[in-house]
Asks: 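What follows is a single structure, and I will ask about it in a moment.
We use all heavy atoms of the structure for the numbers below, so side chains are in, but hydrogens, waters and symmetry mates are not.
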Amino acid sequence: MAEERMYYSYSEYLKEKYGEKVYKLPVNLPVSCPNRREGRGCTFCAEEGTGFESADARISVREQLRSSREKVEKRYHAKKYIAYFQNYTNTFLPLPELLGYLEEAAREENVVEVWLSTRPDCVRRDYLDAMAVFREKSGMEVSLELGLQTVNYHTLRAVNRGHGLAEFLDAVLAIAPYGFPVCVHMILNLPGDTMEDARESARVLSALPVSMVKLHSLYIPKKSVLYQEYRNGRISVCAKEEYLERLAEFIALLRPDIAVERLFARIPEKDSAFCNWGCSWWKLMDEWKALMEEKNYVQGIHCQYLN
């Protein structure tokens, strides 16, 4: 089995699309999330959202991109970039403001794509129409990342996600006619989920017009509701071996042309109460690859359920 084809990596997807390696430059915008406005937000969400890696949202998009680009250029000699608007729910911004940020990113040198992280219940057709116009005028690819986390609607309710599976299905089908690549963010070991939820998650995503998936092993930020539940013993995290098994089954069931951006969580140690069972991501990767080889698995080997 060729190791590089064990799964279809996101880096490979980008090389095929742009002819060379492309790097994401994280950007934080001054935006919140409707779920936080209406209540406590998702139990696993920290005060920073997912913006651990990026700059203060008060800094301009231009400055954030240039600061990150200088570091990446120096380290990797990179030439092409994606402006990754990663924190909270970017389509929760008023449309004129969001378009202004996109246009600012598009003016930056060697930025070939903008990537917007959002929620399934914040996908609106007027926004999609406007992003299609932006894409046409700028020549810039627009990708959308939808946070789903799990197809188990009981778990979605338990983690106070604020939407169910139906809103996700509706969002993906609404985006499809526009041709924007869709990435789905998933956590394969949320408290309450089982191996069957991981398997069904792969099946559901594979049956939809999804281009990419970003997988996370659950981490528990210290500034989150989940941290209180974890500290008080009300929830537990599955064993490392169980997560690796779930990940192997998910990949084996996943449609072969869906690019996989990430397999494990990454968060600064100082910000987390739990992350990756105290293991480095590369050690987990080695263990997972060994398990895949033991099972003789590659991505999509069990994808016969489609059509």
Side-chain angles (χ1 to χ4, degrees), residues 10-11 13-34 49-51 54-55 57-70 72-73 78-147 170-185 208-212 214 257 259 261:
Y10 177 60
S11 60
Y13 165 88
L14 289 177
K15 282 183 181 178
E16 291 174 358
K17 188 171 186 175
Y18 294 109
E20 61 185 276
K21 198 152 186 178
V22 183
Y23 293 82
K24 276 186 173 180
L25 304 178
V27 178
N28 271 7
L29 297 183
V31 63
S32 184
C33 168
T50 55
S54 48
R58 292 169 294 185
I59 300 173
S60 73
V61 169
R62 179 182 182 183
E63 290 179 82
Q64 290 187 56
L65 288 173
R66 291 189 174 182
S67 175
S68 295
R69 188 178 65 199
E70 287 175 6
V72 173
E73 276 181 345
K79 297 177 181 177
K80 291 183 180 178
Y81 305 95
I82 295 170
Y84 177 30
F85 297 91
Q86 71 164 343
N87 65 319
Y88 291 125
T89 307
N90 287 276
T91 57
F92 191 48
L93 280 166
L95 183 53
E97 289 184 30
L98 178 60
L99 289 175
Y101 291 126
L102 296 184
E103 289 163 2
E104 188 177 350
R107 289 193 293 268
E108 283 303 298
E109 184 180 4
N110 296 329
V111 171
V112 296
E113 181 176 326
V114 294
W115 180 297
L116 293 173
S117 176
T118 189
R119 291 167 53 89
D121 54 353
C122 279
V123 173
R124 288 174 30 179
R125 282 181 172 80
D126 54 339
Y127 280 63
L128 295 174
D129 288 340
M131 286 188 283
V133 172
F134 163 79
R135 178 180 58 187
E136 183 178 354
K137 288 183 175 179
S138 67
M140 188 82 52
E141 177 69 280
V142 178
S143 293
L144 296 173
E145 180 179 314
L146 300 179
D170 182 57
V172 172
L173 296 177
I175 294 166
Y178 295 87
F180 300 131
V182 171
C183 177
V184 183
H185 193 287
L208 292 169
V210 167
S211 301
M212 297 158 281
K214 181 190 288 186
D257 65 311
E261 182 176 358

Asks: How many angstroms lie between CE in Met131 and OG1 in Thr91, if you round to the nearest 0.5 Å?
Replies: 6.5 Å

Asks: If you apply the rule side-chain contact (heavy atoms from CB on, under 4.5 Å), what do you find for Val123 with Leu128, and how did you get there?
Replies: CA-CA 8 Å; Val123 173; Leu128 295 174; 3.9 Å; yes

Asks: Considering all heavy atoms of both residues, which atom of Val172 and which atom of Val210 are nearest to each other, and what is their separation?
Replies: CG1-CG2, 4.4 Å

Asks: Mind checking side chain to side chain contact (heavy atoms under 4.5 Å, CB included) for Val182 and listing every partner two or more places apart, or none if nothing turns up?
Replies: Leu146, Ile175, Val184

Asks: Glu16: what forms a side chain to side chain donor-acceptor pair (under 3.5 Å) with it, not counting sequence neighbours?
Replies: Tyr8

Asks: Hey, could you give me the CG/OH distance between Leu116 and Tyr101, rounded to the nearest 0.5 Å?
Replies: 13.0 Å

Asks: Any side-chain heavy atom of Glu145 sitting closer than 4.5 Å to one from Phe85?
Replies: no

Asks: Got a donor-acceptor contact below 3.5 angstrom from the Ser60 side chain to the Glu63 backbone?
Replies: yes

Asks: I'd like to check the salt bridge (Lys or Arg N to Asp or Glu O under 4.0 Å) partners of Lys80; sequence neighbours left out, ordered by chain and number.
Replies: Glu20

Asks: Listed by chain and number, what are the side chain to side chain donor-acceptor pair (under 3.5 Å) partners of Ser211, not counting sequence neighbours?
Replies: none

Asks: To the nearest 0.5 Å, what is the distance between NZ (Lys137) and CG (Leu102)?
Replies: 13.0 Å

Asks: For Tyr18 and Glu141: C-alpha separation, side-chain torsions, deciding distance, then whether side-chain contact (heavy atoms from CB on, under 4.5 Å) applies.
Replies: CA-CA 11 Å; Tyr18 294 109; Glu141 177 69 280; 3.5 Å; yes

Asks: Would you mind reporting whether Gln64 and Asn28 have side-chain heavy atoms less than 4.5 Å apart?
Replies: yes

Asks: Tyr178: which residues meet the ring-ring contact (aromatic ring centres under 6.0 Å, His included) condition with it, sequence neighbours left out?
Replies: Phe180

Asks: Do Tyr127 side-chain atoms and Leu95 backbone N/O form a donor-acceptor pair below 3.5 Å?
Replies: yes

Asks: Mind checking what makes side chain to side chain contact (heavy atoms under 4.5 Å, CB included) contact with Ala176, not counting sequence neighbours?
Replies: Pro209

Asks: Say you draw a straight line from OH of Tyr84 to OG of Ser143; how long is it, rounded to the nearest 0.5 Å?
Replies: 11.0 Å

Asks: Could you list the residues that satisfy side chain to side chain contact (heavy atoms under 4.5 Å, CB included) with Ser138, not counting sequence neighbours?
Replies: Ala106, Phe134, Met140

Asks: Got more than 12 heavy atoms from elsewhere within 6.0 Å of NZ, Lys21?
Replies: no

Asks: Quick check: does any side chain N or O of Asn87 sit under 3.5 Å from a backbone N or O of Leu29, one acting as donor and the other as acceptor?
Replies: yes

Asks: Looking at residues at least two apart in the chain, or sitting in another chain, which of them share a side chain to side chain donor-acceptor pair (under 3.5 Å) with Arg124?
Replies: Asp126

Asks: Among residues two or more places apart or on two chains, list those pairs meeting salt bridge (Lys or Arg N to Asp or Glu O under 4.0 Å) that have a residue in residues 87-107.
Replies: none

Asks: Restricting to side chain to side chain donor-acceptor pair (under 3.5 Å), what partner residues turn up for Asp257, sequence neighbours left out?
Replies: Arg255

Asks: Any Lys/Arg nitrogen of Glu73 or Lys79 sitting under 4.0 Å from an Asp/Glu carboxylate oxygen of the other?
Replies: no

Asks: For Glu108, check salt bridge (Lys or Arg N to Asp or Glu O under 4.0 Å) against everything at least two apart and list the hits.
Replies: Arg62, Arg66, Arg69

Asks: If you define the side chain from C-beta out and look only at heavy atoms, does anything of Leu99 sit under 4.5 Å from Val133?
Replies: no

Asks: Please find the pair of heavy atoms, one from His185 and one from Gly147, that lie closest to each other, and give the distance.
Replies: CB-CA, 4.0 Å

Asks: Quick one: CD1 on Ile59 to OG on Ser67, what's the gap to the nearest 0.5 Å?
Replies: 7.5 Å

Asks: Tell me, please, which residues at least two apart from Val72 pass side chain to side chain contact (heavy atoms under 4.5 Å, CB included).
Replies: Tyr23, Leu25, Tyr76, Ala78, Tyr81

Asks: Could you measure the distance from the OG atom of Ser11 to the CD atom of Glu261? Nearest 0.5 Å is fine.
Replies: 10.0 Å

Asks: Which pair of heavy atoms, one from Ala105 and one from Val114, lies closest together, and at what distance?
Replies: CB-CG1, 4.1 Å

